[in-house]
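Before any comments, here is the structure.
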Amino acid sequence: MELIFAAAVCSVLVSIVLKICKTRGYDVLQMISCNYAAASVLTYLWFQPDVQQLSLQQTPWWLIVVLAILLPSIFVALSQSLQWAGILKTELAQRLSVVWSLFAAFLLFQEHFSSLKLLGIGLGITAVLLILFGQKQSTASHTSSFKATGALLAVWLGYALIDVLLKYTTGLGVQFALALNLIFACAFIFSGSYLMLSHKHLWHRKSILAGLGLGVLNFANIALYVKAHMLFKDTPAVVFAGMNFLVVVLGVLSGVMLFKEKLKMSSAAGLVLGLVAVACLAYAM
């Protein structure tokens, strides 16, 4: 259980670091780019992927390129959501992206849907709608409300799309560690190239160092989560439920205690329904 708790802490710390650095003038795009450089190196050192499986013909390069573009993009959306909607709602939207992943599993991978899964999906969608409704009430201007809602929706949909594409990639016979390493490396190359070509972004030492630290946290979250699944391979639902519950709870605590976010009635109802939805989906799995 210590591994699951540590993975959840790293996940929430990623959001906390992004939110704090954004308010203190760090260049978030530089941080995101350097994050993938650190994550790529650490993935190679930790998982030691078999590079002999790398092939120009067999490796699904188009999928790796798509994911390498999506990952930095969704990280930007995450940063915007943290700024406009807060860490509490952002974490819950990110966790409830599993709703769309299950829809894809049913439509694309022919997964069986039980009544409990359907209940979990229904509660999850209701939870997100309650949070979005509460977001519109809690923002002062129409512009900020629109930005917050859009960012939350991008996080909700974007993480599900990445999850589905990752599953599809590994289903093509590519080793997970190798695919992940390639995706991180390409994400660094693409985002770094964009920054190099953009005259608006001059590299700053503090943003680079913060990005490398962010990459360590991002990688630690993945490595600990995978390790937990390896140790509890017979009870994956325990890992899934524990991770999601802890991230949501820690996200709520950090939002309320560190950033003084207010928990309105609709958001509180969405939080409770979200936790119940995660529990239903975990038990159904």
Does a side-chain heavy-atom distance below 4.5 Å link [X] with [Y]?
{"X": "I222", "Y": "V226", "value": "yes"}
{"X": "F75", "Y": "L18", "value": "yes"}
{"X": "Q30", "Y": "H204", "value": "yes"}
{"X": "Y26", "Y": "L214", "value": "no"}
{"X": "L152", "Y": "W84", "value": "no"}
{"X": "W203", "Y": "C34", "value": "yes"}
{"X": "I183", "Y": "Y36", "value": "no"}
{"X": "L224", "Y": "C10", "value": "yes"}

Practice prompt. Given side chain to side chain contact (heavy atoms under 4.5 Å, CB included), test V9 with L250 step by step and report yes or no.
Written response: CA-CA 7 Å; V9 169; L250 292 173; 4.0 Å; yes
At what distance, to the nearest 0.5 angstrom, does [atom1] of [X] lie from [atom2] of [Y]?
{"X": "N181", "Y": "Q48", "atom1": "CG", "atom2": "CD", "answer": "11.0 Å"}
{"X": "L119", "Y": "L123", "atom1": "CG", "atom2": "CG", "answer": "4.5 Å"}
{"X": "L212", "Y": "M31", "atom1": "CG", "atom2": "CE", "answer": "10.0 Å"}
{"X": "I69", "Y": "S191", "atom1": "CD1", "atom2": "OG", "answer": "10.5 Å"}
{"X": "N35", "Y": "N218", "atom1": "CG", "atom2": "CG", "answer": "5.0 Å"}
{"X": "F47", "Y": "L42", "atom1": "CZ", "atom2": "CG", "answer": "10.0 Å"}

Discussion item. As a quick check of understanding, evaluate side chain to side chain contact (heavy atoms under 4.5 Å, CB included) for L161 and I74, giving each step before the final call.
Written reply: CA-CA 10 Å; L161 178 59; I74 198 62; over 6 Å; no
So which heavy atom on [X] is nearest to which on [Y], and how close?
{"X": "C280", "Y": "G120", "result": "CB-CA, 3.9 Å"}
{"X": "L82", "Y": "S15", "result": "CD1-O, 3.4 Å"}
{"X": "Y159", "Y": "S97", "result": "CB-OG, 3.7 Å"}
{"X": "L273", "Y": "T126", "result": "CD1-CG2, 3.7 Å"}
{"X": "T43", "Y": "L180", "result": "CG2-CD2, 4.3 Å"}
{"X": "E91", "Y": "G251", "result": "CG-CA, 4.2 Å"}

Path from [X] to [Y] over hydrophobic side-chain contacts below 4.5 Å:
{"X": "L45", "Y": "V216", "value": "no"}
{"X": "M196", "Y": "I32", "value": "yes"}
{"X": "I162", "Y": "F176", "value": "yes"}
{"X": "I208", "Y": "V41", "value": "no"}
{"X": "M265", "Y": "L275", "value": "no"}

Looking only at atom types and distance, does a side-chain atom of [X] sit under 3.5 Å from a main-chain N or O of [Y], one as donor and one as acceptor?
{"X": "E261", "Y": "I87", "value": "yes"}
{"X": "S81", "Y": "T90", "value": "no"}
{"X": "Q83", "Y": "K22", "value": "no"}
{"X": "S40", "Y": "A37", "value": "no"}
{"X": "S193", "Y": "I189", "value": "yes"}

Discussion item. Run the ring pair (Phe, Tyr, Trp, His ring centres under 6.0 Å) test against F188 and tell me which residues pass, sequence neighbours left out.
Written reply: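 None.
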Worksheet item: Going through the checks in order, is the side chain to side chain contact (heavy atoms under 4.5 Å, CB included) test met by I20 and I16?
Response: CA-CA 6 Å; I20 292 176; I16 292 175; 3.7 Å; yes
Fill in: Working for side chain to side chain contact (heavy atoms under 4.5 Å, CB included), residues V14 and N221
CA-CA 9 Å; V14 167; N221 171 37; 5.6 Å; no
Worksheet entry | More than 12 heavy atoms from other groups under 6.0 Å of OH on Y44 |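 Atom OH in Y44 is not crowded, with 12 or fewer foreign heavy atoms closer than 6.0 Å.
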